[in-house]
Amino acid sequence: MVTEKKLFIKTWGCQMNVYDSNRMADILHPLGYRAVDTPDNADMVILNTCHIREKATDKVFSDLGRMREHKENRKAGGKKTLIAVAGCVAQAEGDVILDRAPYVDMVFGPQSYHTLPEMIIKATGERVINTDFPVESKFDSLPTDHASHKGPAAFLSIQEGCDKFCTFCVVPYTRGAEYSRPVAAIIEETKKLRDRGVVEIVLLGQNVNAYHGEGVKGLGGLIEAVAAVDGIERIRYMTSHPRDMDDELIAAHGDIPQLMPFLHLPVQSGSDEILKTMNRKHSADHFRDIIARVRKVRPDIALSSDFIVGFPGESEKHFEETLQLIRDVGFTASYSFKYSARPGTPAANMQGLVPEKAKDERVQVIQRLLYDQHEKFNKATVGKTLDVLFDGYGRSENQLHGRTPYNQAIHATTDLNNFGKIVKVEVSGATGSSLTGLVA
Ligand code: SAH
Ligand code: SF4
Ligand code: F3S
């Protein structure tokens, strides 16, 4: 019998990192590692990191300091601790981490998780670094039975990497070239999740609608195949790129009842000039046109997006064009970020840096406008009865957390037996970020 060991994984970044962290826990399970919620007494700590903005990267180094203390305290008690850094910072700055943090035992990038058991054996004798992009896919050898999955909703990675090379973004360098998993593997994983009580599948990819698995017509075709799996009641997908919103995918929003009326479609800017220097390869009007086409087949679709303010060369006029796009389209949930120069990306060498003060002002303006839109949308649902999937426990004893079809977060007073079910809820209150409700 293997001795049980405690494994603490801390996850930053996107949903794909959440998916990966769970797969890492699964592959380490047969070795005796059991996932725990705090680092206390952990025999192994994995920091699954994000490199997307400078702030995200800084957080890793401050956490590493704490992990060093953890390791030293355990050492004083005669216990060994393995410290690992995974994810996109590991991929981008593996050598720097090994140099700066001598107590780190392992550094490995997102494409090497399937070799974790071998890396652990190796790490007993030497420090391990693995930032290769192997020819075989990690998905072929990572366990996909989701043995420890709880709850009615689950992430499922179907695509990874990116070939788009937006000039601000590190993802093509940290995750590598675009790769689509075979349809059969995705359907098998969907069925395994269904057998564990999952009714909502969130299909994930850094560029999920670039999905091009053989045998189906793009992501639209794959969604149709997933919808045909008995027991799957809700499907969502993220994150998509405007250039990959093809006819089949748009049609799916009208034709497939399980596909929820919510679309996260990052646009980044409303200025054609800035979109061009970002290398997004589409115009602001192209984005407006996609939205009009999606609304035609699904008039109630809720829209979300990502925006970057203060990209090099962004003038007040360019910024105003972004605000105008937001006013024209209307969003129900969105994220906006101050541009952060990332080492190794083309934008990091661009002229026309926007002063920090202007970036601060613009981010406040854009966030105010977006929040007002989110609030308006949420308030308009007060008094309505919506289907809510209860996927978590609430703040008080008789409360559950759930999601409406429009991806709104809602806390409702209800019998706790409704956990995991889709239930009719009357919306009783709203802010810009969430709803409250009562089971009808
Ligand atoms: N694949 C997705 C987004 C991945 S990153 C897409 O193509 O849109 C998530 C978001 O982080 C991006 O949409 C962008 O808004 C933001 N982001 C990426 N790089 C950034 C940078 N260097 N500075 C600020 N925000 C950035
Ligand atoms: Fe990054 Fe998305 Fe652009 Fe790819 S498409 S480079 S992931 S922002
Ligand atoms: Fe961050 Fe890597 Fe995801 S940089 S956003 S964890 S792909």
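Just follow the structure's listing: the first ligand is 1, and inside any ligand the first atom is 1.
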Counting non-hydrogen protein atoms only, what is the nearest one to [atom]? Give residue, atom name and distance.
| atom | answer |
| --- | --- |
| atom 1 (N) of ligand 1 | Gln206 O, 2.6 Å |
| atom 7 (O) of ligand 1 | Arg280 NH1, 3.6 Å |
| atom 9 (C) of ligand 1 | Asp306 OD2, 3.7 Å |
| atom 19 (N) of ligand 1 | Phe168 CD1, 3.3 Å |
| atom 6 (S) of ligand 3 | Asn17 ND2, 3.2 Å |
| atom 2 (C) of ligand 1 | Thr239 CG2, 3.6 Å |
| atom 22 (N) of ligand 1 | Ser340 O, 2.8 Å |
| atom 5 (S) of ligand 1 | Ile52 CD1, 3.5 Å |
| atom 16 (C) of ligand 1 | Arg53 NH1, 3.2 Å |

Practice task
Indicate whether any N or O donor in one side chain lies under 3.5 Å from an N or O acceptor in the other, for Gln324 and Asp328.
Solution key: yes
Problem - The one among Arg53, Arg342, His51, Gln15 that brings a heavy atom closest to atom 4 (S) of ligand 3 - result: His51
Handout entry: Winner among Lys338, Lys55, Gln268 once heavy atoms are compared against atom 15 (O) of ligand 1
Key = Gln268
Looking at [Y], does the NZ or CZ of [X] lie under 6.0 angstrom from its six-membered ring centre and within 45 degrees of the ring axis?
| X | Y | answer |
| --- | --- | --- |
| Arg23 | Tyr113 | no |
| Arg100 | Phe61 | yes |
| Lys5 | Tyr33 | yes |

Completion exercise
Which of Phe337, Tyr339, Phe319 passes ring-ring contact (aromatic ring centres under 6.0 Å, His included) with Phe311? Answer is Tyr339
Problem - Within reach of ligand 2, part of Phe168 (heavy-atom separation under 4.0 Å) - result: side chain
Completion exercise
Within 4.0 Å of some non-hydrogen atom of Cys50, the atoms of ligand 3 are 1 (Fe), 4 (S), 5 (S), 6 (S)
Problem - Short N or O distance, Tyr339 and ligand 1, threshold 3.5 Å exclusive - result: no
Handout entry: Sub-4.0 Å atoms of ligand 1 with respect to non-hydrogen atoms of Pro266
Key = 8 (O), 13 (O)
Exercise for the section: Below 4.0 angstrom from a heavy atom of Arg342, which ligand 1 atoms are there? Numbered from 1 as shown, please. Expected result: 22 (N)
Practice task
Decide whether the shortest distance between a heavy atom of Met16 and an atom of ligand 3 is less than 4.0 Å.
Solution key: no
Problem - Rounded distance [0.5 Å steps], CE in Met245 versus CZ in Phe287 - result: 9.5 Å
